[in-house]
Amino acid sequence: MSSHLPNLFSFQTLKHSHIATLKTPSPHINCLAIHANLLYASSANEISVYSLSHHSFVDSFNHDPTTGFVKSIAFNQTKIFTAHQDGKIRIWKIDTLYKNHQLISTLPTVKDKFLNFMLPKNYVNVRRHKKKLWIQHWDTVSGLMVNDAKGLMYSVSWDKSFKIWNVKNQRCLESVKAHEDAVNTLAVSGNGTVYTGSADGLIRIWEMAERRHSLVGTLDKHKSTVNALALNDEGSVLFSGGSDGRILVWEKRDDENEVGYVESLWDHKGAILCLINVGEWFVSGSSDGTVRVWQRGGKEGGGFHCSIVLEGHEKPVKSLVAVETSVLEGVFSICSGSLDGEIRVWEISICSNFKIPMNSIKLA
C-alpha cells in the first residue's frame, strides 16, 4: 500500500507540563468538548462549563437525572447539541447576558413525530412486539458530530444505527442500520465519508450515493469492541481504539478509494477509550489511566511511536479534547477527563525538530 509519508522523517522532542486540574460534581466524566474558549464536561447527567482562560467554573446545566448520562457534546456556531442515555438529543443556546444555558428543543421534535406517526411505514421493529418511529433512537445516543458547512448533524446509538439530521429545521433526514451490535463511536471526513465503530468489533465506512448512505467498506481487524475513532486533518489516516488495548492505524490508498490496515500500537495496558488528532500527532486515553501522545517517524518503516506518557489520573481516561492553540508556535494543549472526576489540562511543547531524508532509512 502506498503511504502518505513525507520525503523527510521528522524527529521531534516533546515536553509536557500539567497546568491545571478541574473537578466535576460527579466522578463519572463521559465527555469533554470545547467551544468559544469554554470547556464543557459531562459527568453523569450534568454538564459543567469552565473558562479555559482562567480555569474557573462558569455554569452547569441539564440537572434532570431522568435524561441519563450525557454521552457526547457537539456545536455549531450558535447552538449546543447533547446526546443522552434516554435516546434523545437536546439542543441548547447560551444566554450571553446571564451566561447560562437554556434548553430550546429535543430531537426528534414534536413536530417531526407528528408528521410521521400516522403512517405504518414510518415505524420499525426495535424489540419483539415493540415498534418505534424511524426518526427516533430507541437506546443510548453514544456520539454526535456536526458538519457546520453542510448544515448536518450525525448521531450514533446503541440501537445499532446512525442518523443524519438537518440542523436548521431539526428534522431527521435518514436512518441507517449500521451494525449488529451497539454503535459506540463515529468519525466524519470533510467530504462526508462516515466511519462507525461498534461493539461487534467492526468499523464500517459509509458514503452518500443517490441521496442515501451506502456501505462501501468494512474493516475487521479488531477482535474486540471498537470504542474510539479519529481521523487526521486530511481525512487520509484513520485511528481506531479497541477494548483489547490496541490502536490500529488505517490509511487510504493513493490510487483508489480504499482504506487499508497499516499497523497496530500496543503500548497501553488497558482498553482504548478515546482518541483525538492534533496536527501531526494523535492522542489516546485508556482504562490504564494514562494519556499517550503519538507521532509518526522515528522507527523503521516510518510508523507511529509514543512520544509522551501523561500520568496522574487514578481511574480510566474517558475523554480527550484539544485546545485551539497554534501548533506552529511550538505548543499545544489538551484536556483529559477521567472517572476519577478530574479534568487535567496539559501543555505540550515541541523542543526540537530535525529531519532525516527518507532515502537514508532502510524501510521494511
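All heavy atoms count here, side chains included; hydrogens, waters and symmetry mates do not.
Taking the six-membered ring for Trp and thresholds of 30 and 60 degrees, Y154 and H213 have ring planes more than 60 degrees apart, a perpendicular arrangement.
Residues S198 and N184 have side chains not in contact (no heavy-atom distance under 4.5 Å, counting atoms from C-beta outward). Contact annotation: the side chain of I205 never approaches that of L215 to less than 4.5 Å [non-hydrogen atoms, C-beta and beyond].
No donor-acceptor pair under 3.5 Å is formed between the side chain of T82 and the backbone N or O of I73. Of the possible polar contacts, one joining the K163 side chain to the W134 backbone as a donor-acceptor pair under 3.5 Å is found. Between the side chain of S157 and the main chain of T140, a donor-acceptor pair closer than 3.5 Å is present. Checking side-chain atoms of S142 against main-chain N and O of V156 turns up a donor-acceptor pair under 3.5 Å. R204 places a side-chain N or O within 3.5 Å of a backbone atom of A178 that can act as its donor or acceptor partner. For the pair S224 (side chain) and D244 (backbone), a donor-acceptor distance under 3.5 Å is present. Proximity of a side-chain donor or acceptor of S338 to a complementary backbone N or O of P316 within less than 3.5 Å is detected.
Across all non-hydrogen atoms, the minimal contact from I308 to L310 is CG2-CD2, 3.3 Å. Residues E263 and G303 approach most closely at OE2-CA, 3.3 Å, considering heavy atoms. Taking all atoms of both residues into account, the shortest heavy-atom contact from K160 to A182 is CG-N, 4.2 Å. Scanning both residues, S349 and V331, for their nearest heavy atoms gives OG-CG2, 4.3 Å. Of all non-hydrogen atoms in H63 and S60, the two that sit nearest each other are CE1-OG, 3.0 Å. Shortest non-hydrogen contact noted between L248 and S264 is CD2-OG, 3.0 Å.
Judged by distance alone, the side chains of T66 and D64 do bring a donor and an acceptor atom under 3.5 Å apart. Between the side chains of S105 and Q170, at least one donor N or O sits under 3.5 Å from an acceptor N or O. For W346 and S17, the side-chain atoms include no donor-acceptor pair closer than 3.5 Å. Residues W281 and S307 have side chains that never bring a donor and an acceptor to within less than 3.5 angstrom of each other.
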Output, in order, the C-alpha distance, side-chain angles, deciding distance and verdict of salt bridge (charged side-chain N to carboxylate O under 4.0 Å, His left out) for R212 and E210. CA-CA 6 Å; R212 308 289 294 179; E210 297 180 356; over 6 Å; no
Would T225 and N227 satisfy side chain to side chain donor-acceptor pair (under 3.5 Å), going step by step from the backbone distance to the final call? CA-CA 6 Å; T225 294; N227 297 318; 5.2 Å; no
Audit row: S236, K252, side chain to side chain donor-acceptor pair (under 3.5 Å) steps and yes/no: CA-CA 5 Å; S236 59; K252 276 195 172 183; over 6 Å; no
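Legend: residues meeting side-chain hydrogen bond (donor to acceptor under 3.5 Å, both in side chains) with S43, ordered by chain and number and at least two apart, are absent. For R90, the side-chain hydrogen bond (donor to acceptor under 3.5 Å, both in side chains) criterion is met by D86, not counting sequence neighbours.
To the nearest 0.5 Å, atoms CG (L152) and CE (M208) are separated by 7.0 Å. For the atom pair CD1 (I164) and CG (N166), the distance works out to 11.5 Å, reported to the nearest 0.5 Å. One finds the CG atom of N116 at 4.5 Å from the CD1 atom of I135 (value rounded to the nearest 0.5 Å).
In this structure, K221 forms a cation-pi arrangement with Y261, its terminal cationic atom sitting closer than 6.0 Å to the ring centre and no more than 45° off the ring axis.
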Solution key, residues 24-31 side-chain donor-acceptor pairs under 3.5 Å, sequence neighbours excluded:
| unit_1 | atom_1 | unit_2 | atom_2 | d |
| --- | --- | --- | --- | --- |
| T24 | OG1 | S26 | O | 2.6 |
| T24 | OG1 | G341 | O | 3.4 |
| S26 | OG | H28 | N | 3.3 |

For residues 47-54, please give each side-chain donor-acceptor pair under 3.5 Å, one per line with the distance, not counting sequence neighbours.
| unit_1 | atom_1 | unit_2 | atom_2 | d |
| --- | --- | --- | --- | --- |
| Y50 | OH | K23 | O | 2.8 |
| S51 | OG | S53 | N | 3.2 |
| S51 | OG | H54 | N | 3.3 |
| S53 | OG | N37 | ND2 | 2.4 |

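For the ring-ring contact (aromatic ring centres under 6.0 Å, His included) criterion with H101, the lone passing option out of Y40, W92, F81 is Y40.
Using a 4.5 Å cut-off between side-chain heavy atoms of Ile, Leu, Val, Met, Phe, Trp and Tyr, with links allowed through other members, L231 and L229 fall into the same hydrophobic cluster.
Sorted by first and then second residue, the ring pair (Phe, Tyr, Trp, His ring centres under 6.0 Å) pairs with a member in residues 173-211 read F162-W206; sequence neighbours excluded. Applying the ring pair (Phe, Tyr, Trp, His ring centres under 6.0 Å) test to every pair with at least one member in residues 218-242, sequence neighbours left out, gives these pairs: F239-F282, F239-F304.
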